[in-house]
There are 2 protein chains.
Amino acid sequence: MSVGRETRLSAWIERLAAHFAEEGIPLIGGRILGYLLVCEPVERTAAELAQELEASSGSISTNLKFLVNAGLVTKRTRRGRQAAEYRVDEKRWADMVQRRLDALVSVRDLTESGMRLLSGDPQRAHRLRTVDQLYTWLADELPPLWERRPTPPK
Amino acid sequence: MSVGRETRLSAWIERLAAHFAEEGIPLIGGRILGYLLVCEPVERTAAELAQELEASSGSISTNLKFLVNAGLVTKRTRRGRQAAEYRVDEKRWADMVQRRLDALVSVRDLTESGMRLLSGDPQRAHRLRTVDQLYTWLADELPPLWERRPTPPK
DNA sequence: CTATGGCTTCAGTGTTGACCGAAACCAAGG
DNA sequence: CCTTGGTTTCGGTCAACACTGAAGCCATAG
């Protein structure tokens, strides 16, 4: 006996949330993201999310604020509707990825200033130089590659 | 009146540790890494690290175990020496970076399986498709780029 | 075999952060 | 102005984790 699509999607949402939990995004925040990526219709109110994800209204509020602030979710209010509607802004997903790449590349600033402190003692700088060269290569390669990324039309 | 190089290096170590703390590496672990990158001579015992970094022997032990396990630090024991000596293995730093890139790319497995669940409903899959295309591009580009990385001679 | 120095283990402490649920707050509608 | 439905704020709980320091463990030296 096979399980329904919605059940599978629940499991999928949970896996996605677990992945991002490891990267520092709260579990409920990850669930919201996953749910908003696949729900129909695309917009949901905070109350609907609380019920669907079985989370407290407080947690939903906190995490929605976080996601809106990160740009991944947009909030829309409408005249005549007391409830705000939330939806993912899938286009902004790239921003999040870019932030992660930037974090990697930014280590180069550290290795670079470390190398300056050790200038005049190449012997002692040897270990740090190896690391610095790696990050210098990353800093040279990643940003241009990122720029060549195909942006979705429309 | 200017401060000495060792003082500056202490501050540098602290900045490095702070950076990696944000990425989930314990503060003391980060300090050990930074210190082992620039200390002279290159090898230190756990006791020396504890004194130099003003941390408890327990913390040093735990974090050294963690770093050795991650491959970033190697432990060496010598006949006639009761104290083991630790040093950074700067070559292995690339492994850590690769793990981070892999974590990014691995999201593609999630988006891919999500797309499968939504096959047959392209309308509903639209948001996820946008995200999936981004990670597909990353999965196509990053591994080959990484392979082209110049590995240090010697 | 005993003593010594150093490393690791472990129980305990303090802190951080996610989460909950109730209370306060804020429209919009009667 | 009061009510209603919804959202945000806030105090409190709980679990996870970094860190400490003391006790235990090992290996070496005498």
Side-chain angles (χ1 to χ4, degrees), chain A residues 13-36 39 41 43-70 72-87, chain B residues 13-36 39 41 43-70 72-87:
Chain A
I13 290 168
E14 205 56 27
R15 278 195 290 145
L16 186 117
H19 176 93
F20 285 111
E22 289 183 355
E23 324 240 302
I25 291 177
L27 199 52
I28 292 187
R31 287 191 184 122
I32 293 174
L33 270 186
Y35 184 73
L36 287 181
C39 64
E43 285 176 317
R44 288 293 142 107
T45 67
E48 289 168 339
L49 291 169
Q51 177 169 14
E52 185 67 36
L53 301 176
E54 296 175 88
S56 71
S57 58
S59 285
I60 296 293
S61 177
T62 301
N63 280 279
L64 276 176
K65 192 176 206 170
F66 169 74
L67 293 172
V68 167
N69 193 43
L72 292 171
V73 169
T74 58
K75 173 182 186 172
R76 182 169 69 148
T77 55
R78 287 202 273 183
R79 274 191 321 172
R81 295 281 175 80
Q82 51 276 50
E85 316 220 285
Y86 298 90
R87 68 157 80 193
Chain B
I13 290 169
E14 204 58 25
R15 278 195 290 143
L16 185 116
H19 176 94
F20 285 110
E22 288 183 356
E23 324 239 306
I25 293 177
L27 200 52
I28 293 187
R31 287 190 184 121
I32 294 174
L33 269 186
Y35 184 73
L36 287 181
C39 65
E43 286 178 316
R44 288 293 141 108
T45 67
E48 287 168 338
L49 290 169
Q51 177 169 14
E52 185 67 35
L53 301 176
E54 296 175 87
S56 70
S57 58
S59 285
I60 296 294
S61 177
T62 300
N63 280 279
L64 276 176
K65 191 177 208 168
F66 169 74
L67 293 172
V68 167
N69 194 42
L72 291 171
V73 169
T74 58
K75 173 182 186 172
R76 182 168 68 150
T77 55
R78 287 202 273 183
R79 274 191 321 175
R81 295 281 175 81
Q82 52 275 49
E85 316 219 288
Y86 297 90
R87 66 157 81 192

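Throughout, a chain's letter reflects where its sequence line sits, starting with A, and its residues are numbered from 1.
Taking the side chain as every heavy atom from C-beta outward, B:T74 and B:R87 approach each other to under 4.5 Å.
What separates CG of A:N63 from P of D:dT7 is a distance of 15 Å, to the nearest Å. Counting to the nearest Å, the P atom of D:dC19 and the NZ atom of B:K65 are 16 Å from each other. The distance from atom CG of A:L64 to atom P of D:dG6 is 15 Å, rounded to the nearest whole Å. Distance, B:E85 CD to C:dG6 P: 12 Å, rounded to whole Å. Taking atom OH of B:Y86 as the reference point, atom P of C:dG6 lies 14 Å away to the nearest angstrom. The separation between A:I32 atom CD1 and D:dT7 atom P is 12 Å, rounded to whole Å.
Less than 4.0 Å separates DNA chain C from at least one heavy atom of each of the following residues of residues 49-62 of chain A: A:A55, A:S56, A:S57, A:G58, A:S59. For residues 14-30 of chain A, proximity to DNA chain C is found at A:P26, A:L27, A:I28, defined as any non-hydrogen atom under 4.0 angstrom from a strand atom.
No donor-acceptor pair under 3.5 Å is formed between the side chain of B:S61 and the backbone N or O of B:S57.
In this structure, B:F66 reaches neither bases nor backbone, as no heavy-atom distance under 4.0 Å exists between it and the strands shown.
For A:K75, counting side-chain heavy atoms from C-beta on, the closest listed nucleotide (D:dT7, D:dT8, C:dC7) is D:dT8.
The bend of the helix from C:dC1-D:dG30 to C:dG30-D:dC1, defined by the angle between the axes of its first five and last five pairs, stands at 0° to the nearest 10°.
None of A:L33, A:L49, A:I32, A:L27 except one satisfies the side-chain contact (heavy atoms from CB on, under 4.5 Å) rule with A:N63; the exception is A:I32.
Contact between B:E48 and B:E43 at its shortest, heavy atoms only, is OE1-O, 4.3 Å. Pairing each heavy atom of B:G29 with each of B:I25, the nearest pair is C-CG2, 4.2 Å.
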